[in-house]
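Okay, so here's the structure we're looking at.
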Amino acid sequence: MSLIDKFRLAFDISPVPMLLVASDGSMLLANDDFLDLFEYTIEELRGLNVEALVPASIREYHPELRSAYNQVSTKRSMGAGRDLHGVTKSGNVIPLELGLEPVTDGVEKMALVAAIDISHRKVHEDRMHRAMDAAASAMVMVDGRGTIVFVNKAASTLFGYDEEDLLGHKVEMLIPEEFRRAHPVYLGSFMNNSTERFMGLGRDLFARRSDGTRFPVEISLTPVDAPSGVLVMSTIVDLSERVAAAEAVARKSAELAALNVELSHFAYSASHDLKAPLSSITGLLNLCIEDLDEGNLDEVRENLARVIDISHRSAKKVEGVLQIARAGRDGMPKVPVLLDAIIAEIWIDLTGGKSTTKLELEFNYADPLVTELPTLKVIIENMLSNALRYGDSSKPEHVICVKSDAVEDGVKISVRDNGIGISEQNLLKVFQMFIRLDERSGDGLGLSLVQKQVERLGGEITINSTVGQGTEICFTLPSEEKTHD
Amino acid sequence: MTDIPVVVVDDNVSDRYIVRRRLAKAGGFGEIFEVTNGTEFLERLTRGDFRRDAQGTPFLILMDVNMPLLTGFETILEMERKAQAANSPSGLVVMMLTSSSNPQDMAKAAEIGSIKGYVFKPLDDEGVQKIRSLYA
């Protein structure tokens with residue numbers, strides 16, 4: 001029996017469409033399934049060259065491919081990984097998977113071709129692609145070596161690439177540079193132990209867009225069995241919004257904490273600065289009435305003067321607290337302010353212009369500060385008033401120095417004095433509410449309030465002190481651009 | 001009944017003045033000592049300034065609740081600690097002086113054994129009666 005006869009027998013029982021092609025491209029033998037697939041009769045097929053079955057787009061260089069194959073004929077799947085198509089008699093283009101095997105009858109070289117119509121598989125794949133494209137989450141599928149084999153629309157959009165710029169490339173292109181080198185190791189270990197899970201638990205993950213910018217992500221990995229091996233499907237969630245929302249919540253919490261301090265301040269003030277003075281006033285006025293009846297006019301006069309003094313001081317204290325409460329609630333417009341003018345005003349308020357304390361000013365930051373004027377006034381007043389209060393009488397001169405310096409993205413203001421200083425254990429408590437460190441202290445809320453206000457304005461406050469030498473309090477204010485609203 | 005000797009501990013000058021005048025008008029009170037803060041009070045107590053007077057009447061301590069550095073409550077607690085260490089009761093009658101009716105403060109006062117009561121500022125006849133009833 002000739003070789004061809006042997007093949008004819010085999011073809012007839014093969015469930016797969018098969019074709020025997022000569023080295024010049026002429027078609028020698030085909031089984032019924034093959035003929036049906038391509039819609040030819042055997043006579044028609046024998047009159048044609050195999051190029052007739054090949055799509056027009058590659059017909060031109062197919063002969064070249066064939067002769068290359070003839071030189072190095074090995075069994076293989078043709079065009080592995082590429083989409084192959086054939087053309088039927090009626091011009092239909094059908095997707096195919098093709099297997100090639102060299103055969104010879106000792107004289108002639110021939111090729112055995114197995115052709116499988118993968119239209120169904122294609123339809124199925126397309127359906128899957130469309131489903132994944134419809135998904136809101138970005139999906140990227142890679143093979144065991146990290147080559148991207150599939151991306152959905154959401155992934156293209158998220159990373160800012162066209163599909164074709166991603167397919168066939170290494171997945172490391174989607175990772176920021178500093179993490180790239182380690183990634184293949186992680187991928188390798190996942191392939192060894194592939195279970196559905198979140199990627200990089202406990203690590204902060206970042207991805208890289210086409211424009212080079214990076215963004216935080218959460219990635220879940222699922223192994224997928226494919227004919228070509230295990231693939232990894234990753235679903236990528238952009239966490240930028242979540243991170244921004246968390247930061248916004250943190251900011252709100254800080255604002256609320258500040259408001260809470262102010263509310264406590266106000267409640268304390270209501271009790272201390274209102275109720276207490278009122279009880280003193282009541283007591284004094286009751287005595288006045290009795291003294292009037294008894295004709296002790298001198299006592300009356302003195303006590304009435306005391307009443308007036310207590311009322312004034314009380315009103316001032318409460319007004320101060322109210323101002324701060326209003327600032328915390330409504331925020332305030334930021335205006336350019338001149339530090340030296342403010343300090344001069346506050347100094348007169350605090351000392352009445354008569355003080356033996358020497359005030360030194362050193363403004364290294366020349367520009368006007370853009371900030372909330374009343375809030376800055378309260379901060380400066382608190383700091384100056386503390387410095388005034390804690391003078392060291394054993395020193396020849398009480399000196400307070402106010403300095404401004406430019407710092408990275410803002411200005412730093414410091415108030416330094418050569419007073420009695422603050423002990424280390426008190427230094428830790430100095431920003432706490434309600435702690436009054438000695439009888440010279442006011443309501444004990446001043447510095448805690450100052451701290452909250454400075455922080456609300458976007459700055460930081462620090463305090464340094466040595467007992468017997470003096471104290472320095474510094475706070476920073478960010479420059480215009482940096483403040484958040 | 002013999003005159004009651006008094007120590008008023010208060011950082012506010014007007015409030016001390018009011019107490020002094022009220023007690024003087026009410027009568028039945030002996031020498032009135034003024035102390036401006038808790039620390040000074042404890043120092044003078046240790047020095048023996050506020051022992052029972054000649055007639056054996058225990059001193060009345062009117063202690064302001066709200067004071068800087070050492071609050072009224074802190075002063076009393078320190079006093080009790082010292083008395084326990086020395087193993088001798090202080091023998092003083094303590095009443096807290098305050099302008100506020102903060103329930104937290106009142107609860108605290110109830111927990112401290114030496115505190116016999118509360119007097120609201122400004123000191124008035126009702127307050128004086130409260131004091132007298134402790135000595136009755």
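Residue numbers start from 1 in every chain, and the chains themselves are labelled A, B, ... in the order their sequence lines are given, proteins ahead of strands.
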key: Other residues, nucleotides, ligands: >12 heavy atoms within 6.0 Å of B/Arg22 CZ   = yes
query = Of the non-hydrogen atoms in A/Lys275 and B/Ser99, which two are nearest, and what is the gap between them?
reply = NZ-O, 3.4 Å
ask   = Quick one: what part of A/Glu294 sits under 4.5 Å from any heavy atom of chain B, side chain, backbone, both or neither?
value = side chain
inquiry  = Working to the nearest 0.5 angstrom, can you tell me the gap between A/Asn303 CG and B/Tyr17 OH?
reply    = 3.5 Å
ask   = Should we count CD of A/Glu424 as having more than 12 external heavy atoms under 6.0 Å?
value = no
side-chain contact (heavy atoms from CB on, under 4.5 Å) evaluation trace for B/Lys121 with A/Thr282 = CA-CA 9 Å; B/Lys121 292 186 187 181; A/Thr282 307; over 6 Å; no
task = Would you mind telling me which of A/Ser279, A/Gly283, A/Ser280 has the largest number of heavy-atom pairs within less than 4.5 Å of chain B?
result = A/Ser279
remark   = Looking only at A/Val307, A/Leu278, A/Ile310, A/Asp291, the option with the highest number of non-hydrogen pairs under 4.5 Å against chain B is A/Asp291
ask   = With a 4.5 angstrom heavy-atom cut-off, which part of A/Ile281 approaches chain B: side chain, backbone, both or neither?
value = neither
query = Does CD belonging to A/Glu397 count more than 12 external heavy atoms closer than 6.0 Å?
reply = yes
key: Side-chain touch B/Arg21/A/Glu299, heavy atoms, less than 4.5 angstrom   = yes
message = Can you tell me which portion of A/Asn286 sits under 4.5 Å from chain B's heavy atoms? Options are side chain, backbone, both or neither.
response = both
request  = Work out which heavy atom in A/Leu287 is nearest to a heavy atom in B/Ile18; give both atom names and the distance.
outcome  = CD1-CA, 4.1 Å
